[in-house]
Asker: 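Below is a structure I'd like to ask you about.
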Amino acid sequence: MASKKVVEVFYDVVSPYSWLGFEIMCRYRNVWNIELKLRPAFLGGVMQGSGNKPPGVIPNKFQYMGKDLARLSEYFDVPLQTPADPFEVMFNKGSLNAMRFVTAVQEREKLGDNQVERVSRELWRRIWKEDKDITEPSSLSEAAMKAGLSDGEIKEVLELSSSKEIKDKLKSATKNALDHGAFGFPLLVCHVNGKPEVFFGSDRFELMAHCIGEKWLGPQPDKSASKL
Ligand code: GSH
């Protein structure tokens with residue numbers, strides 16, 4: 001069998017399109033011959049570093065996004081629900097603490113990306129399904145508890161997440177995304193024959209599959225594979 005291609009997914013839990021991209025890649029991790037690398041990063045830093053503006057600040061795009069996300073939620077089978085005040089959630093409260101927390105989980109975790117995956121999902125579920133806070137330590141703890149971390153682990157991760165080491169690690173992941181040309185998330189970087197092929201968004205999977213020599217089987221590959 002050919003060696004696995006590495007696919008990195010840069011994401012931030014403030015970004016609903018990142019949730020879709022993240023879930024699809026988690027579903028395809030064992031369908032395609034790939035090694036998936038989860039790359040938690042900070043979308044605010046990508047916006048600032050690239051000089052871009054979030055699509056939500058343009059009124060017509062904001063309106064469109066609401067409809068688009070409702071349709072995508074059904075199509076991808078990801079339980080996305082726009083919070084009552086998306087502006088407050090995305091732009092005032094933001095995700096810096098949450099992404100530092102996820103980065104600390106990744107730093108602490110020794111065996112694979114399992115905890116990072118579960119903690120990230122729980123944070124998305126809070127903000128993009130339950131309309132709950134993700135900025136307070138108690139909110140982060142609750143998400144981590146649901147993801148299966150012990151009280152001791154949560155305490156350790158909370159402490160670690162305010163350290164310089166973790167702040168720098170998140171900055172460096174964000175810079176890494178910017179170095180790949182990021183202007184938004186999700187950003188998927190496929191390493192093909194030693195060369196990075198970069199895709200923006202959760203709507204480029206067909207093209208990405210073509211590029212890495214795999215087949216796109218729709219948003220639920222297990223279901224469609226069982227129908228073959
Ligand atoms: N068409 C993309 C998709 O379907 O995934 C849109 C993704 C998207 O809008 N991502 C937001 C972003 O960073 C964050 S949730 N946008 C930057 C831009 O559109 O320039």
Side-chain angles (χ1 to χ4, degrees), residues 7-28 36 38-99 102 120-121 123-131 134-135 170-171 173-190 197-212 216 218-221:
V7 177
E8 298 178 271
V9 53
F10 290 89
Y11 67 91
D12 184 321
V13 298
V14 81
S15 153
Y17 290 98
S18 291
W19 193 8
L20 302 172
F22 169 95
E23 293 298 352
I24 292 296
M25 287 318 304
C26 290
R27 290 174 197 170
Y28 271 84
L36 181 65
L38 300 180
R39 304 294 313 272
F42 181 49
L43 183 56
V46 164
M47 288 293 163
Q48 201 179 21
S50 63
N52 197 6
K53 286 195 171 50
V57 301
I58 309 290
N60 280 2
K61 277 196 187 175
F62 181 73
Q63 289 267 324
Y64 176 78
M65 254 180 79
K67 287 192 193 135
D68 193 39
L69 288 172
R71 286 193 290 241
L72 287 167
S73 161
E74 204 229 308
Y75 176 66
F76 281 99
D77 195 20
V78 174
L80 258 174
Q81 267 173 42
T82 304
D85 189 348
F87 239 80
E88 168 69 11
V89 165
M90 287 192 285
F91 307 132
N92 292 343
K93 293 178 91 176
S95 58
L96 187 57
N97 285 347
M99 294 318 290
V102 176
S120 302
R121 185 173 291 122
L123 288 168
W124 264 307
R125 209 192 297 278
R126 284 185 77 84
I127 170 169
W128 280 100
K129 177 170 193 294
E130 297 166 351
D131 200 357
I134 59 156
T135 64
L170 181 64
K171 273 189 202 150
T174 306
K175 182 177 178 307
N176 215 215
L178 281 164
D179 290 343
H180 281 299
F183 54 87
F185 280 167
L187 190 83
L188 295 127
V189 182
C190 306
E197 293 284 349
V198 177
F199 299 88
F200 164 65
S202 52
D203 52 0
R204 287 292 181 271
F205 291 115
E206 207 164 344
L207 189 62
M208 194 179 117
H210 173 74
C211 190
I212 62 173
W216 169 243
Q220 302 202 58

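When reading the values below, keep in mind they use all heavy atoms of this one structure, side chains included, and skip hydrogens, waters and symmetry mates. None of these values were measured; they are calculated from a predicted model. Whatever order the structure lists them in is the order used to number ligands and atoms, beginning at 1.
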Asker: Which ligand 1 atoms are under 4.0 Å away from a heavy-atom of F183?
Answerer: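 Contacts of ligand 1 toward F183, numbered from 1: 17 (C), 20 (O).
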Asker: Between Y17, F200, W128, which one has a non-hydrogen atom sitting closest to atom 19 (O) of ligand 1?
Answerer: F200
Asker: Looking at S15, is its backbone amide N or carbonyl O close enough to the side chain of W124 to form a donor-acceptor pair, meaning the two atoms are under 3.5 Å apart?
Answerer: yes
Asker: Are P219 and Y75 packed together at the side-chain level, in the sense that at least one heavy-atom pair is separated by less than 4.5 angstrom?
Answerer: yes
Asker: Only counting residues at least two apart or in another chain, list the ones meeting ring pair (Phe, Tyr, Trp, His ring centres under 6.0 Å) with F185.
Answerer: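 F185 satisfies ring pair (Phe, Tyr, Trp, His ring centres under 6.0 Å) with no residue once adjacent residues are dropped.
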Asker: Measure M47 to ligand 1 on non-hydrogen atoms and call it side chain, backbone, both or neither using the 4.0 Å cut-off.
Answerer: side chain
Asker: Within this structure, what is the CG-CZ distance for the pair L20 and F205, rounded to the nearest 0.5 Å?
Answerer: 8.0 Å
Asker: Please confirm whether D68 comes within less than 3.5 Å of ligand 1 when only nitrogen or oxygen atoms on both sides are compared.
Answerer: no
Asker: Identify, for atom 20 (O) of ligand 1, the protein heavy atom at the shortest distance, and state residue, atom and that distance.
Answerer: N52 ND2, 2.8 Å
Asker: Judging by distance only, is a nitrogen or oxygen of F185 under 3.5 angstrom from one on ligand 1?
Answerer: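 Such a contact does occur with ligand 1.
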Asker: For ligand 1, which is the ligand I care about here, please tell me if S15 has any N or O atom under 3.5 Å from one of the ligand's N or O atoms.
Answerer: no
Asker: Please confirm whether R204 comes under 4.0 Å of ligand 1, counting heavy atoms of the residue only.
Answerer: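 In this structure, R204 fails to qualify as a contact of ligand 1 - no heavy atom is under 4.0 Å.
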Asker: With no hydrogens and no angle check, just 3.5 Å: does a side-chain donor-acceptor pair link Y17 and D203?
Answerer: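 No, D203 and Y17 have no side-chain donor paired with an acceptor closer than 3.5 Å.
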Asker: Between W128 (side chain) and T82 (backbone), is there a donor-acceptor pair under 3.5 Å?
Answerer: no
Asker: Please check: side-chain N/O of T174 versus main-chain N/O of L170, any donor-acceptor pairing under 3.5 Å?
Answerer: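 Indeed, once roles are kept as given, a pair shorter than 3.5 Å links the two residues.
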Asker: For the CG atom of D68 and the NZ atom of K61, what is their distance to the nearest 0.5 Å?
Answerer: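 Reported to 0.5 Å precision, the distance equals 12.0 Å.
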Asker: What residue and atom, counting heavy atoms only, is the protein's closest point to atom 16 (N) of ligand 1, and at what distance?
Answerer: P55 CD, 3.4 Å
Asker: Counting non-hydrogen protein atoms only, what is the nearest one to atom 2 (C) of ligand 1? Give residue, atom name and distance.
Answerer: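 So the nearest neighbour among protein heavy atoms is D203 OD2, 3.7 Å.
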Asker: Could you tell me whether S202 and ligand 1 have an N or O pair separated by under 3.5 Å?
Answerer: yes
